[in-house]
Amino acid sequence: MKKRKLWIILPACLLALCIGLTVANTVIIAGMKDKVAALEGEVASLENLEVERMGLLAGEYEALPYRVYVPENAGAKLPLLLYLHGAGSRQGDDNRRQVIDNSFFKAILSEESLAAYPCVILAPQCPQGKGWVRQPWGPGIAAQLMGMLEQACAEYPVDRSRIYITGVSMGGFGTWGMLRAYPDYFAAAVPICGGWDLDDDVALAPAMKDVPIWAFHGALDMTVPVERTRDMVKALQAVGGDIQYTEYPDEYHGIAARVYNEEPELFPWLFAQAKK
């Protein structure tokens, strides 16, 4: 009888222990999730404060979030610079990832640059699953970008003869794509480690031959092969395009900081361009 009772009691105890551990783990996990959510909220608040200190205000156009910088006491018409981020900044719709810890904004929003080149800056955040113009990142949002640009031109003192575009990686592809789709809209462009769409042909390059372009790529790039920019440059050179190209022989994909911060002639060249 004692052995039979023992065989009944032991499984019951084990079952109770398992249930207890499960409940305890559930409580612990729930507590950890709450702590993680609280920490994420704190990080988000700090990042929002950082972005606001940079002078970048939040905006939205047809559910497309963007940040905009407008110089204080802007009176005269100003150039507008559109920045397209890379694929790594498509983090939902937080409207922060495209500008936080970004070498472009560290360069363009430096005290020296702001004094020399006052301008309106637009930095949209591409939604997950989409690309700026089209594949390989997903359906393109070029029409939304143009609507956003037109909205900015209506709201801020923008000189329409000096609208510029630049982008990195996916944003570099987007820069080339926007030039192909709207060649008469932009006064100059700086595509960085991008190229043409994977499913298209460089034969369409002549459409943008009159736009001043300064392209950059790293020869050792293993993320976006350097040939993607070389092909575009060759196609534009063949039709007398206004193209200059800088290739870093010792660099891989991460060249944005070098381009924006270590090319002393870049911003002077860019802001000197204007449509005739």
Side-chain angles (χ1 to χ4, degrees), residues 54 56 67 69 81-91 96-110 112-113 116-117 119 121-126 131-133 136-137 164-180 186-198 200 202 205 208 211-237 241-273:
M54 293 164 66
L56 293 162
R67 290 284 174 171
Y69 175 85
L81 179 51
L82 173 63
Y83 171 77
L84 303 181
H85 65 71
S89 293
R90 292 182 301 174
Q91 302 294 331
R96 299 189 307 272
R97 291 264 57 82
Q98 78 272 33
V99 298
I100 289 288
D101 195 27
N102 186 301
S103 57
F104 167 75
F105 290 97
K106 290 179 180 177
I108 196 66
L109 294 180
S110 70
E112 181 180 89
S113 292
Y117 313 111
C119 63
I121 303 168
L122 277 178
Q125 184 177 36
C126 188
W132 293 120
V133 179
W137 289 275
Y164 311 125
I165 182 171
T166 185
V168 178
S169 192
M170 184 182 84
F173 279 84
T175 299
W176 288 114
M178 291 295 285
L179 292 179
R180 186 282 310 273
F186 299 99
V190 182
I192 299 172
C193 55
W196 203 242
D197 289 330
L198 297 180
D200 213 333
V202 295
M208 64 186 81
V211 182
I213 302 169
W214 190 348
F216 294 83
H217 216 120
L220 305 180
D221 194 332
M222 293 184 289
T223 303
V224 178
V226 66
E227 286 74 20
R228 304 212 64 78
T229 293
R230 289 175 181 172
D231 289 345
M232 290 303 299
V233 171
K234 289 176 183 176
L236 285 165
Q237 288 174 336
D242 191 350
I243 177 76
Q244 56 180 310
Y245 176 47
T246 297
E247 183 173 302
Y248 301 130
D250 56 342
E251 292 282 4
Y252 293 85
H253 190 60
I255 63 171
R258 181 169 178 178
V259 174
Y260 291 129
N261 293 279
E262 300 179 24
E263 288 287 347
E265 298 304 315
L266 178 61
F267 287 153
W269 170 84
L270 179 65
F271 286 99
Q273 308 305 318

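When a residue number appears, it is its place in the shown sequence, counting from 1. All values reported here derive from a predicted model rather than from experimental measurement.
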_Nearest 0.5 Å, please: how far is CZ in R67 from CD in Q98?_
7.0 Å
*Without swapping roles, check the side chain of T175 against the backbone of G171 for a donor-acceptor pair under 3.5 Å.*
yes
_Quick check: closest heavy atoms across G86 and S169, and the distance to 0.1 Å?_
CA-CB, 4.5 Å
_Separation of C193 SG from F173 CZ (nearest 0.5 Å)_ = 9.0 Å
*Do any N or O atoms from the side chain of T229 and from the backbone of V226 form a donor-acceptor pair under 3.5 angstrom?*
no
*Hey, does W214 have a side-chain heavy atom less than 4.5 Å from the side chain of L270?*
no
_Please give me the minimum heavy-atom distance between V133 and G174, naming the atom from each residue._
CG2-O, 3.7 Å
*asked:* For the NE2 atom of H253 and the OG1 atom of T223, what is their distance to the nearest 0.5 Å?
replied: 4.5 Å
*Are the side chains of M232 and I243 in touch, meaning some heavy atoms are under 4.5 Å apart?*
no
*What orientation do F267 and Y260 show, parallel under 30°, tilted 30 to 60°, or perpendicular over 60°?*
parallel
*Side-chain contact, heavy-atom cut-off 4.5 Å: H217 with R230?*
no
_Where A107 and S113 come nearest, the two heavy atoms and their spacing_ = O-OG, 2.9 Å
*State, with a plain yes or no, whether a side-chain heavy atom of L236 is found less than 4.5 Å away from one of Y245.*
no
*asked:* Whether the side chain of Y83 engages the backbone of V99 through a donor-acceptor N/O pair (distance < 3.5 Å, no angle test) should be reported.
replied: no
*What distance do M54 atom CE and I108 atom CD1 have between them, rounded to the nearest 0.5 Å?*
11.5 Å
*At what distance, to the nearest 0.5 angstrom, does CD of Q237 lie from CD of Q244?*
11.0 Å
*Contact summary for A189 and L179, nearest pair of heavy atoms*: CB-CD1, 3.5 Å
*Just jot down the side-chain contact (heavy atoms from CB on, under 4.5 Å) partners of D101, sequence neighbours excluded, or say none.*
K106
_Criterion side-chain contact (heavy atoms from CB on, under 4.5 Å) on F216 and E251, from CA distance to verdict_ = CA-CA 11 Å; F216 294 83; E251 292 282 4; over 6 Å; no
*Kindly say whether G194 contributes a backbone atom to a donor-acceptor pair with the side chain of R228 at under 3.5 angstrom?*
no
*Note, V190 side chain near W269 side chain (heavy atom, < 4.5 Å)*: yes
_Min side-chain heavy-atom separation V168-V259 under 4.5 Å_ = no
*Could you tell me which non-hydrogen atom of E263 sits nearest to which non-hydrogen atom of Y248, and how far apart they are?*
OE2-OH, 2.7 Å
*Report yes if the side chains of C126 and L84 come closer than 4.5 Å at any heavy-atom pair, otherwise no.*
no
*State, with a plain yes or no, whether a side-chain heavy atom of L81 is found less than 4.5 Å away from one of Y69.*
no
*asked:* Does the plane of the ring in H85 sit parallel, tilted or perpendicular to the ring in W132? Use 30° and 60° as the thresholds.
replied: perpendicular
*Write down the atom of P212, the atom of Q273, and the distance for their closest heavy-atom approach.*
CG-OE1, 3.5 Å
*Rounded to the nearest 0.5 Å, what separation is found between the CD1 atom of I121 and the CZ atom of F104?*
5.0 Å
